[in-house]
Asks: 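Quick one: this structure, given as structure tokens, is what I'll be asking you about.
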Amino acid sequence: MAVITAMLVLFVLTMLVATILATGTHSHTSTVRQVHWNQALAVSEAGLNEAVYQLNQNPSWDGATGIAVPGGTYDVAITHDSPHLGWKTIVASGRSKTAYGLVSREIKEILAPPSSFKYAMFSSTTLDIGGSTNCGVTGDVYSVNDMTLANNCSMVGSVVVYKGNLSAGNNVGISRDAWAGGDASGGGNILLSNGAVVGGNATAGNAVCPPASGFSDIIGGSITGNASAAGNISSLVGGLLIKNKHDPCPTQPERLTLPEFDPSVLYQPGMGVHTYGSPPAPPYTGGSADAVARFNAGQADDYGLPKAPATAFSGNYAVWQSNASQSTVLTLPGNWTIAGDTMVVTNAPIAFDGDNLTVASTQPGVIRPLLVIVSLYAPPGQEMSCSDQGGDCSIWGKNKVQVTSDVATIFYTTGKMAFKNSDNHGNGALYAGNMDVKNGFQVIYDSRVERIVGFGDTSLVRYSWEELKP
Amino acid sequence: MITVALMAVIIGATLGVLESVMRSSSFSQQRGEAIDQVRLAMDSMTKEIRQTAKVHPSTASSLDIDTYRNGQVTRVVYSVSGSLLYRTAGGGSRQIVSKLKSPDIFSYYYAGAQTPQATAPGTSPLTQIAITFPLGLTNPATDIVLSSAIQLRNSG
């Protein structure tokens, strides 16, 4: 009996000790692994930070392996121009050694140009969209001064005028907010014709409050959301109606400027730019007398490199023309197929004045290239004798310009952009110092154009951070 | 007679110890399982939250984010129902934590602010999301709290 009792007691004590030991061991293992798990991430991030530092010193830096830091070692690798031209992808893997094995973690950071293009259409002066059957924009639209929208325009997004009037024709639909600003000299009115509807809120603000004159009004049409004005409101308002508001006045929108383009980025390592009219040098206003003519004729660039054929166009092109004018217009081919990301930059005017322009991907649904068209042309004397009928335009489309949805496109000029014909369409954005679109341009904003190398601040910013494994 | 009485006392004491050991072992196992479950959930949540690309309207009991998964942006929702925490993504939903004593497990820190808010997004950039798991164990009734604050890498 005593032996049985002793064995029973022994069994119980063994169970107790075993349980305590198992719990303790498990807890210790988990804790150690957790510590090293966190350490491996810190080591990986050390690699990432080192890469960002090195890239700031030397944009061509490719990475390093087996770098020891407190807590472990890391490898870091850079892929240049990935996933897009001028972008960089950094992959850092950190390792921390434990008594139970090696803990490894891998992270990826993508560095991109800063966000520069957030609007579907942007004008740093006035913006005039005509055409009652082809006037449709999907995305937000901004102009510094007066904006005019033709009858039946369908604006799927918001509409903002920094200092001027927003005039919307009959049956114009603005799906989100409308905001216009004015000052003591006037402006800031939202003028809605018969049947025009603002789907969100409408705000007519004044920079000077109360203004001595030039109260900003909201006149006509209807507003689904709230309406707020420093002056009168005669629209049909579905939400709150606040008129003659002076305590304080509704504010005017923020003043935005056209993102600046830095041509020197074209000459950074890896850009492989085809130059016509060397030597390129700031401020990129000069060049050679035959640069545009040679580009238009499809000749090789200054270094003898052939221009890509229009059936499979791609690459970066800089065309620097001396004494640029309307007699040195860079003409883009009537029908293009784009095989990869393409950028054409010139200080001369650009015209789509031959055949109708059609741009498509060489492999629709497979390759979705980015097309960037930049004209830095400023008319002599800075006068803009450019209208939707032509003149001294920086970018001019006489016939229709049609870019398929497989190509993300941005047309950019510091001067004036004008289009005459109807049936223009494209995915991307239009940015100009001044814009006049006679017969509409159906623009569907594509976020693919939001960050483009060379625009805005030249230093890259973090676009995404992601842990890859485990 | 005396021997029998002594044996009864010894066996009684032994069984008492045995019962206590069994109870302690059961609690220890329950506690270990709960901590393991929460650690696992905390690890996977931390990873997804750390690389958040966008925060949709969220509260103290529900976090709705776009996060990266194999390079693709994926929408993930964490929501508390009763004492259970669910993860919903890609049309499927599964329970990842149980025995929560409170549904308010998320708090949000914004740039320049010291105190957390109960909702997101706000007007300032979101910099951190904190998770607190208050767990209620039974036999004996015991509370365990695990918490973590996650610095967002893609904020701003």
Side-chain angles (χ1 to χ4, degrees), chain A residues 1-31 33-35 37-38 40-42 44-45 48-49 82-83 89-92 103 105-110 112 114-115 447 461-470, chain B residues 3-40 42-54 66-74 125 146 148 150-156:
Chain A
M1 195 65 178
V3 171
I4 292 169
T5 306
M7 285 180 71
L8 200 61
V9 170
L10 202 62
F11 173 72
V12 169
L13 289 174
T14 305
M15 287 274 291
L16 182 65
V17 170
T19 304
I20 291 168
L21 279 177
T23 307
T25 305
H26 175 74
S27 177
H28 178 255
T29 310
S30 297
T31 306
R33 195 167 170 77
Q34 189 78 32
V35 166
W37 174 253
N38 291 333
L41 179 65
S44 301
E45 292 207 283
L48 215 55
N49 293 339
S82 170
T89 298
I90 307 168
V91 174
V103 177
R105 296 177 81 170
E106 190 169 88
I107 53 179
K108 178 175 84 173
E109 181 166 308
I110 295 177
S115 171
S447 60
V461 296
R462 177 185 285 171
Y463 175 73
S464 69
W465 187 103
E466 179 189 1
E467 183 164 0
L468 297 181
K469 66 178 186 182
Chain B
T3 307
V4 170
L6 279 172
M7 285 309 294
V9 169
I10 292 169
I11 288 171
T14 306
L15 288 175
V17 171
L18 184 63
E19 195 265 339
S20 167
V21 166
M22 295 296 279
R23 204 164 357 100
S24 163
S25 171
S26 165
F27 176 75
S28 177
Q29 190 179 350
Q30 183 198 172
R31 185 174 180 277
E33 280 175 4
I35 290 174
D36 280 354
Q37 174 209 43
V38 169
R39 266 187 170 170
L40 203 63
M42 190 72 96
D43 274 353
S44 71
M45 288 176 74
T46 299
K47 179 181 172 182
E48 289 187 333
I49 293 169
R50 185 185 289 123
Q51 57 199 36
T52 293
K54 182 182 179 183
D66 286 343
T67 185
Y68 289 96
R69 196 163 181 78
N70 301 323
Q72 301 296 314
V73 173
T74 307
L146 272 88
S148 180
I150 305 144
Q151 193 84 31
L152 305 186
R153 301 302 199 271
N154 292 312
S155 66

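What you see is a predicted model, and the numbers here were worked out from it, not measured in a lab. Order of the sequence lines fixes the chain letters, A, B, ..., with proteins taken first and strands second; residue numbering starts at 1 for each chain.
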Asks: Counting only non-hydrogen atoms closer than 4.5 Å, does B:Arg39 touch chain A with its backbone (N, CA, C, O), its side chain (CB onward), both, or neither?
Replies: side chain

Asks: At a heavy-atom separation under 4.5 Å, does A:Ile107 approach chain B through its side chain, its backbone, both, or neither?
Replies: neither

Asks: Does any backbone or side-chain atom of B:Asp43 lie under 4.5 Å from a heavy atom of chain A? Answer side chain, backbone, both or neither.
Replies: side chain

Asks: Less than 6.0 angstrom from the centroid, inside 45 degrees of the normal: does A:Arg105 satisfy that with respect to the ring of A:Trp37?
Replies: yes

Asks: Quick check against the 3.5 Å criterion: does A:Glu106 have a side-chain atom that pairs as donor or acceptor with the backbone of A:Leu468?
Replies: no

Asks: Sort out for me which of B:Asp36, B:Thr46, B:Asn70 touches chain A most, counting heavy-atom pairs under 4.5 Å.
Replies: B:Asp36

Asks: Taking every non-hydrogen pair under 4.5 Å, which of B:Gly71, B:Ala13, B:Gly32 racks up the most with chain A?
Replies: B:Gly71

Asks: Taking B:Thr67 for its side chain and B:Glu48 for its backbone only, find out whether a donor-acceptor pair lies under 3.5 Å.
Replies: yes

Asks: Name the region of A:Glu109, side chain, backbone, both or neither, that has any atom closer than 4.5 Å to a heavy atom of chain B.
Replies: neither

Asks: What is the distance from atom CZ of B:Arg50 to atom NZ of B:Lys47, rounded to the nearest 0.5 Å?
Replies: 9.5 Å

Asks: Can any side-chain N or O of B:Asn154 pair as donor or acceptor with the backbone N or O of A:Trp465 at less than 3.5 Å?
Replies: yes

